[in-house]
Amino acid sequence: MARLAPLPRAFFARPTIEVARDLVGKVLVRRVGGRERRARIVEVEAYLGPRDAASHARHGPTKRVAIMFGPPGFLYVYLIYGMHHCMNFVTETDGVAGAVLIRAAEPLDGGDARELRGPGKLCLGLGVTVADKGTDLTRAAALYVADDGAPPPRLGRSPRIGVDYAGRWAARHLRFFARDHASVSGPRGRGTLSGARSRRPSRRT
DNA sequence: GCCACGATAGTG
DNA sequence: ACTATCGTGGCG
């Protein structure tokens, strides 16, 4: 298997939404215990700075999320609901908050396609925990991101999952995913549709 | 010091 | 629709 070069810091040092869109289709490389595991990112969400009511950055640079305000290209991991880990890539220039939540990936070395579907299962499947928080994603070490030359997938977009409390920010289409991809997360294939509308008409907004 | 509440996932 | 399970952050 040819070695893949990590994406440079400049890739992450851009507006969060741009980085989020460009991350779909990229390859996640996880090295642990001498083994290398690869997975293609198929679904992400953009979380912006303090003005984004759904973002962990909304309360400013507290101890937990200070990393979101720091330099780009580092890993932010947190524990949610006391049991699931979620991985995020820090974006924007140093001093500006932003991160992209990685929600689902397609295993490239075989294995169950559902294993990495959903942010919690993705971390579980790749063995990523809060201990990995702060990892430099631009170094070819335990965890990094690469471009394997695959053509960028057609993107769908939708509101972010699980942020209904965020007022008008809940409605913004900041979730991006590879259209028609089986590895996109969500009950009933939520998001395999072309973005904005769900099968059920209306129900809010 | 408390206490409410999640950027979830599996089951009923 | 319900809940397991715990760190974070708001508030006093």
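Every chain is numbered from 1 and lettered A, B, ... according to where its sequence line falls, protein lines coming before strand lines. Hydrogens, waters and symmetry mates are skipped; everything else that's a heavy atom, side chains included, is used.
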(request) Taking Watson-Crick and G-U wobble pairs with both distances under 3.5 Å, convert DNA chain C into its dot-bracket string, 5' to 3', dots for unpaired and | for cross-strand pairs. (result) ||||.||||||.

(message) One thing to verify: whether A/R38 and A/E36 come together as a salt bridge, which I'm taking to mean a side-chain N less than 4.0 angstrom from a carboxylate O.
(response) yes

Donor-acceptor list for residues 66-83 of chain A side chains, cut-off 3.5 Å, not counting sequence neighbours:
{"from": "A/Y76", "atom 1": "OH", "to": "A/H56", "atom 2": "ND1", "distance (Å)": "2.8"}

(message) Determine whether a donor-acceptor pair (one donor, one acceptor, N or O, separation below 3.5 Å) exists between the side chain of A/Y78 and the base of B/dA7.
(response) yes

(request) Considering non-hydrogen atoms only, spot the tightest contact between A/R58 and A/A53 and give its length. (result) CD-O, 3.1 Å

(request) Identify the 5'-most and 3'-most nucleotides of DNA chain C with at least one atom closer than 4.0 Å to a non-hydrogen atom of chain A. (result) C/dA4 to C/dG10

(request) Please list, by residue number, the residues of residues 16-23 of chain A whose heavy atoms come closer than 4.0 Å to an atom of DNA chain C; answer none if no residue qualifies. (result) none

(request) Using the test side-chain hydrogen bond (donor to acceptor under 3.5 Å, both in side chains), find all partners of A/R14 that sit at least two apart in sequence or belong to another chain. (result) A/E18, A/D22

(request) Find the distance A/I80:CD1 to B/dG6:P and express it as a whole number of Å. (result) 9 Å

(message) Can you list, in residue-number order, the parts of residues 82-98 of chain A that come under 4.0 Å of DNA chain C, counting heavy atoms only?
(response) A/G82, A/M83

(message) Please report the distance, rounded to the nearest Å, between OH in A/Y165 and P in B/dC5.
(response) 13 Å

(message) If you compare every side-chain N and O of A/R114 against the phosphate oxygens of B/dA9 (OP1, OP2), does one of them come in below 4.0 Å?
(response) no

(message) Under the rule for side-chain hydrogen bond (donor to acceptor under 3.5 Å, both in side chains), what residues qualify as partners of A/R40, not counting sequence neighbours?
(response) A/D148

(request) For DNA chain B, find the residues of residues 47-70 of chain A with a heavy-atom distance under 4.0 Å and give them by number; none if there aren't any. (result) A/Y47, A/A54, A/H56, A/M68

(request) Provide the full list of ring pair (Phe, Tyr, Trp, His ring centres under 6.0 Å) pairs with a residue in residues 119-169 of chain A, sequence neighbours left out, each pair given once. (result) none

(message) Minimum heavy-atom separation for A/C86 and A/P119, please, with both atom names.
(response) SG-CB, 3.9 Å

(request) Determine, for A/K121 against A/E115, whether the closest basic-nitrogen to carboxylate-oxygen distance falls under 4.0 angstrom. (result) no

(request) Could you tell me which non-hydrogen atom of A/Y47 sits nearest to which non-hydrogen atom of A/R160, and how far apart they are? (result) CD2-NH1, 3.2 Å

(request) Mind listing the closest non-hydrogen atom pair of A/D132 and A/G127 along with its distance? (result) OD2-O, 3.7 Å

(request) Kindly give the heavy-atom pair with the smallest separation between A/A57 and A/A97, and that separation in Å. (result) CB-CB, 3.8 Å

(request) Please name the pair of heavy atoms, one in A/A171 and one in A/P159, separated by the smallest distance, quoted to 0.1 Å. (result) O-CG, 3.9 Å

(message) Restricting to side chain to side chain contact (heavy atoms under 4.5 Å, CB included), what partner residues turn up for A/T91, sequence neighbours left out?
(response) A/T16, A/V19, A/V100

(request) Tell me, please, which residues at least two apart from A/R172 pass side-chain hydrogen bond (donor to acceptor under 3.5 Å, both in side chains). (result) none

(message) Going by the rule salt bridge (charged side-chain N to carboxylate O under 4.0 Å, His left out), which residues pair with A/R21 if we only count those two or more places apart in sequence or in a different chain?
(response) none

